[in-house]
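Here is the structure we will look at.
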Amino acid sequence: MTNNLLDWFNQMMAVRGTFTWIEFSILFILILVETGAIFAGFIPGDTILITAGSIAGIHHNIGELLMLITVFAIASWIGDAINYYFGAWLVRQVSRIGYIERHINGSIFQNLTYHFNHRRWFLFVFAGRFVPFVRTLVPLTVHRLGLDFKSYIGLAAGSSLTWALVITSIGYFFGHLTLPHGMNWMILGIVLLGFGIMFSNKTFRSKFINLFVKI
């Protein structure tokens, strides 16, 4: 799937035009599904934001950047709202499956469930939004921990906007640079690989979760 997305982005770059409404709609749906469907964490959300932002940078189009930020922020916010209720219901239905049960009730999340520091809702929602896979579990976790929907959706709106603004702008910055051909993609690839390696490490994830437990 990642290769197909990259091919699609490369085709848009070859045209050297601006994003169409169809392309904005596809990007909206991808981020909505990545956030709202709890088992769609394989969709590379951060890669989509950075790559789309870099294309806007290559176009030198600030209006396009602002539109992308708006599309991504709204899509992730709606996805969080869906995941809060539907995701929690779905987890209850499929938690009998061993792999899924271990995924959502592993030692890391058990620690979070029983020892969560309720003074760190803000940090948990905002920090979780920037971590692949974890951001999909944040709505489920806050639901399980008792944060009401009205409070959560307000935090989710702020975290979604911040995520879209920061990640897409990073892509825009690299795309806007005048670098040798292909160099900006190489830099982006190294950055994404570094984040992927870091968050794939179980010890690092455990330390991340420990930021939100009682001391």
Side-chain angles (χ1 to χ4, degrees), residues 24 27-50 52-53 65-92 95 103-106 108-172 195 198-199 204-215:
F24 279 126
L27 292 171
F28 178 91
I29 292 171
L30 285 172
I31 298 304
L32 176 64
V33 172
E34 190 251 2
T35 306
I38 60 174
F39 305 122
F42 59 86
I43 297 177
D46 296 304
T47 302
I48 292 173
L49 266 65
I50 289 180
L65 170 66
L66 295 176
M67 185 62 185
L68 286 170
I69 291 171
T70 302
V71 166
F72 292 141
I74 294 175
S76 62
W77 183 53
I78 295 175
D80 282 337
I82 293 172
N83 212 345
Y84 182 89
Y85 283 117
F86 175 70
W89 174 84
L90 187 60
V91 164
R92 289 195 297 270
S95 59
H103 185 62
I104 62 176
N105 290 317
I108 292 177
F109 289 99
Q110 286 291 333
N111 181 34
L112 186 64
T113 299
Y114 292 112
H115 304 289
F116 183 75
N117 188 334
H118 290 265
R119 292 175 295 180
R120 297 181 180 175
W121 285 122
F122 178 89
L123 178 63
F124 180 63
V125 174
F126 269 74
R129 163 51 56 182
F130 285 82
V131 183
F133 294 102
V134 171
R135 63 169 159 263
T136 304
L137 295 171
V138 166
L140 306 177
T141 306
V142 298
H143 193 175
R144 292 171 67 182
L145 295 177
L147 181 64
D148 65 276
F149 180 75
K150 183 178 180 180
S151 299
Y152 169 66
I153 207 62
L155 293 174
S159 64
S160 293
L161 178 58
T162 303
W163 176 65
L165 176 63
V166 172
I167 303 300
T168 311
S169 296
I170 290 174
Y172 184 84
F195 276 109
M198 183 169 58
F199 286 110
F204 181 87
R205 293 199 303 271
S206 297
K207 290 182 179 179
F208 177 81
I209 294 297
N210 286 338
L211 291 174
F212 313 107
V213 301
K214 296 176 183 177
I215 299 175

key: Any pair counted as salt bridge (Lys or Arg N to Asp or Glu O under 4.0 Å), so long as it reaches residues 145-165, sequence neighbours left out   = none
Residue list, side chain to side chain donor-acceptor pair (under 3.5 Å) with Ser76, at least two apart or on another chain = Ser160
ask   = Which heavy atom in Leu27 sits nearest to a heavy atom in Ala52, and how many Å separate them?
value = CD1-CB, 4.4 Å
note = By ring pair (Phe, Tyr, Trp, His ring centres under 6.0 Å), Phe149 pairs with (sequence neighbours left out) Tyr84, Tyr85
request  = Find the distance between CD1 (Ile31) and CG (Leu68) and round it off to the nearest 0.5 Å.
outcome  = 10.5 Å
key: Residue pair Trp163 / Asp46, side-chain heavy-atom distance below 4.5 Å   = yes
task = Kindly write out the residues that satisfy side-chain contact (heavy atoms from CB on, under 4.5 Å) with Leu147, not counting sequence neighbours, or none if the list is empty.
result = Trp121, Val142, Ser151, Tyr152, Leu155
inquiry  = For the backbone of Ile153 and the side chain of Trp77, can you confirm whether one donor and one acceptor N or O come within less than 3.5 Å of each other?
reply    = yes
key: Among Thr162, Ile69, Leu49, the one residue meeting side chain to side chain contact (heavy atoms under 4.5 Å, CB included) with Ile167   = Leu49
query = Sequence neighbours excluded, which residues qualify as salt bridge (charged side-chain N to carboxylate O under 4.0 Å, His left out) partners of Arg129?
reply = Asp80
request  = Mind checking the CG-OG1 spacing from Leu30 to Thr35? Nearest 0.5 Å is all I need.
outcome  = 10.5 Å
request  = Just jot down the side-chain contact (heavy atoms from CB on, under 4.5 Å) partners of Ile74, sequence neighbours excluded, or say none.
outcome  = Phe28, Thr70, Ile78
remark   = Rounded to the nearest 0.5 Å, the CG atom of Leu65 sits from the OH atom of Tyr172 at a distance of 6.0 Å
ask   = Roughly how far, to the nearest 0.5 Å, is CG of Asn83 from CZ of Arg135?
value = 12.0 Å
